[in-house]
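Any value given below was found using the heavy atoms of this structure, including those in side chains, with hydrogens, waters and symmetry copies removed. If you read the sequence from its start, that first residue is 1, and numbering goes on from there.
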Amino acid sequence: MTDQTAAGLLKFRPVKPGSRVALVAPASAFDRAEFEAGVAELTRLGLEPVWDETVFERQALSAGRPQVRAEALMRAFDSMGADAVIAVRGGYGSVEVLPLLDVDRIRKSRTAFVGYSDVTSLHSFLGSTVKLASVHGAMVDGRLAKGPSAYDPGSFLKCLSEEPLRELPPDGLEMLAPGAASGPLFGGNLTQILASLATPFEFRPPFGHILFLEEVNERPYRLHRMLTQLRLAGRLQRAAGVVFGQLPGCDEPGGRVTARDVIAEVMDGFQGPVLLGFPSGHTTTPLISLPFGVEARVIAGPHPGQSRLSLDEAAACP
């Protein structure tokens with residue numbers, strides 16, 4: 001078994017029953033009760049959560065000073081005996097730690113990183129700068145803390161294993177452009193992807209990738225503006241296929257203008273399949289975790305039940 005994905009990203013070490021998982025707060029502060037409930041859920045899954053006390057530090061906008069958060073992340077990657085690093089929550093602030101992280105130490109550790117939303121900044125950094133696969137998956141606050149009603153335990157654990165997720169045909173997928181495409185999966189939160197552009201840590205997926213985009217509580221005109229920027233920056237043209245999340249809170253009240261409307265408009269003429277409604281990131285249904293950097297296939301069919309996303313490669317190896 002190779003230690004690299006087909007796209008050339010290093011695979012992380014697998015998480016197994018009894019594995020340590022380090023909990024970190026790279027972005028906003030969190031509720032202590034949510035933290036404790038998430039710890040209990042990870043323990044129920046057969047994992048051993050570990051953390052240090054800096055995770056409870058606070059600043060006005062974030063969970064402590066950038067230096068404190070960066071040092072905690074580095075300890076989690078290579079000094080705590082952990083097989084995975086799981087973000088407690090998103091919010092705001094992950095981008096501040098990027099210049100303070102040690103690329104070589106993270107790559108040498110081959111430790112899985114899990115999270116979504118604001119920590120898209122870290123996924124982009126890991127995929128484009130470190131060249132390490134990662135998991136767009138359930139965090140502690142709001143997901144693990146609420147149990148299986150808020151996240152899918154099967155995909156969470158399988159993403160961290162040596163076994164590919166394979167075919168994922170969740171209900172509610174809508175075809176916006178037909179076709180089929182394959183390539184490595186990259187993406188995350190649209191706002192954070194755009195915020196990375198023209199920085200040393202910008203989102204740089206390879207040509208021919210499958211692009212996953214998700215958002216929450218952004219009005220249709222803002223989605224239109226962001227997708228237009230992504231297109232003008234040449235990022236949409238790099239993708240062989242695009243999969244959008246559920247986009248909760250992104251329609252105008254009363255449905256006068258919807259997220260679907262603006263996506264259909266901006267993506268008109270895109271030469272590849274486009275799907276809408278995949279339940280990862282911000283969702284109204286249990287969150288399905290997705291590995292980034294692994295080979296994926298998108299099928300967008302005209303009839304219900306024909307559209308699906310398949311992850312054909314594992315992100316972990318011994």
Side-chain angles (χ1 to χ4, degrees), residues 90 116-118 120-121 123-124 127-128 136 168 170 172-199 202-284 288 290 292 296-304 306-309:
Y116 69 98
S117 193
D118 183 78
T120 292
S121 299
H123 285 302
S124 182
S128 298
H136 184 262
L168 296 168
L173 277 181
E174 180 182 0
M175 182 273 290
L176 297 185
S182 61
L185 183 69
F186 291 94
N189 180 263
L190 178 57
T191 295
Q192 300 306 319
I193 287 173
L194 290 177
S196 77
L197 301 184
T199 75
E202 68 179 2
F203 180 64
R204 298 190 305 274
F207 283 97
H209 69 286
I210 302 301
L211 178 62
F212 173 75
L213 296 173
E214 68 92 27
E215 257 306 343
V216 63
N217 296 335
E218 294 288 357
R219 293 176 64 184
Y221 81 89
R222 293 177 179 171
L223 282 180
H224 193 287
R225 181 187 65 211
M226 288 190 285
L227 289 171
T228 299
Q229 182 184 350
L230 199 66
R231 186 187 66 203
L232 293 176
R235 292 307 189 271
L236 283 179
Q237 295 87 327
R238 289 173 175 259
V242 182
V243 179
F244 287 90
Q246 292 182 339
L247 308 176
C250 292
D251 295 343
E252 288 289 351
R256 183 176 60 85
V257 182
T258 67
R260 185 197 185 282
D261 295 334
V262 298
I263 290 171
E265 180 178 325
V266 176
M267 299 301 294
D268 184 39
F270 177 77
Q271 300 299 306
V274 180
L275 293 177
L276 172 65
F278 193 89
S280 191
H282 295 93
T283 67
T284 58
I288 291 180
L290 294 172
F292 281 161
R297 287 182 296 122
V298 174
I299 298 172
H303 302 297
Q306 290 186 334
S307 297
R308 62 201 65 230
L309 174 65

| query | Would a 4.5 Å heavy-atom cut-off, applied to side chains only, mark Leu276 and Arg260 as touching? | reply | yes
| remark: Minimal heavy-atom distance between Ala177 and Gly272, with the atoms involved, is CB-O, 3.6 Å
| remark: Heavy-atom nearest pair, Phe270 first then Ala239, reads CZ-O, 3.4 Å
| said: Using every non-hydrogen atom in the two residues, find where Gln271 and Gly269 come nearest and quote the distance to one decimal. | reply: NE2-O, 2.8 Å
| request: Only pairs at least two apart or in different chains count here, so list each side-chain hydrogen bond (donor to acceptor under 3.5 Å, both in side chains) that has a residue in residues 240-251. | output: Gln246-Thr284, Gln246-Thr285
| task | With side chain to side chain contact (heavy atoms under 4.5 Å, CB included) as the test, would you mind laying out the steps for Asp118 and Asn189 before giving the verdict? | result | CA-CA 7 Å; Asp118 183 78; Asn189 180 263; over 6 Å; no
| request: Please assess Leu213 against Leu230 for the test side chain to side chain contact (heavy atoms under 4.5 Å, CB included), listing each intermediate value before the final yes or no. | output: CA-CA 11 Å; Leu213 296 173; Leu230 199 66; 3.9 Å; yes
| query | Under 4.5 Å between any side-chain heavy atoms of Leu223 and Val266, yes or no? | reply | no
| query | Are His136 and Glu214 close enough, and set up right, to give a side chain to side chain contact (heavy atoms under 4.5 Å, CB included), and what steps lead you there? | reply | CA-CA 11 Å; His136 184 262; Glu214 68 92 27; 4.2 Å; yes
| Any residue meeting salt bridge (charged side-chain N to carboxylate O under 4.0 Å, His left out) with Arg231, in chain and number order, not counting sequence neighbours | none
| message | Using modelled atom types and a 3.5 Å cut-off, is there a donor and acceptor pairing between side-chain atoms of Ser196 and backbone atoms of Ile193? | response | yes
| Counting only heavy atoms not in Gln306, do more than 12 sit closer than 6.0 Å to its CD atom? | yes
| request: Determine, for Glu218 against Arg225, whether the closest basic-nitrogen to carboxylate-oxygen distance falls under 4.0 angstrom. | output: no
| message | Using ring centroids (six-membered ring only for Trp), state whether Tyr116 and His282 fall under 6.0 Å. | response | yes
| If you look at every heavy atom in Pro273 and Ala240, which pair is closest and at what distance? | CD-O, 3.4 Å
| message | For a quick test of reading the model, state the closest non-hydrogen atom pair linking Leu185 to Phe212 and the distance between them. | response | CD1-CB, 4.1 Å
| task | Please examine the side chains of Ile263 and Val242, heavy atoms only from C-beta on, and report whether any two atoms are closer than 4.5 Å. | result | no
| said: Run Leu168 and Phe278 through side chain to side chain contact (heavy atoms under 4.5 Å, CB included) and show every step you take. | reply: CA-CA 9 Å; Leu168 296 168; Phe278 193 89; 3.9 Å; yes
| Would you say the side chains of Glu215 and Thr191 form a donor-acceptor pair under 3.5 Å? | yes
| field | Minimum-distance pair of heavy atoms, taken over all atoms of Leu275 and Ala300 | value | CD2-CB, 3.6 Å
| Taking side chain as C-beta onward, heavy atoms only, is Leu236 less than 4.5 Å from Met267? | yes
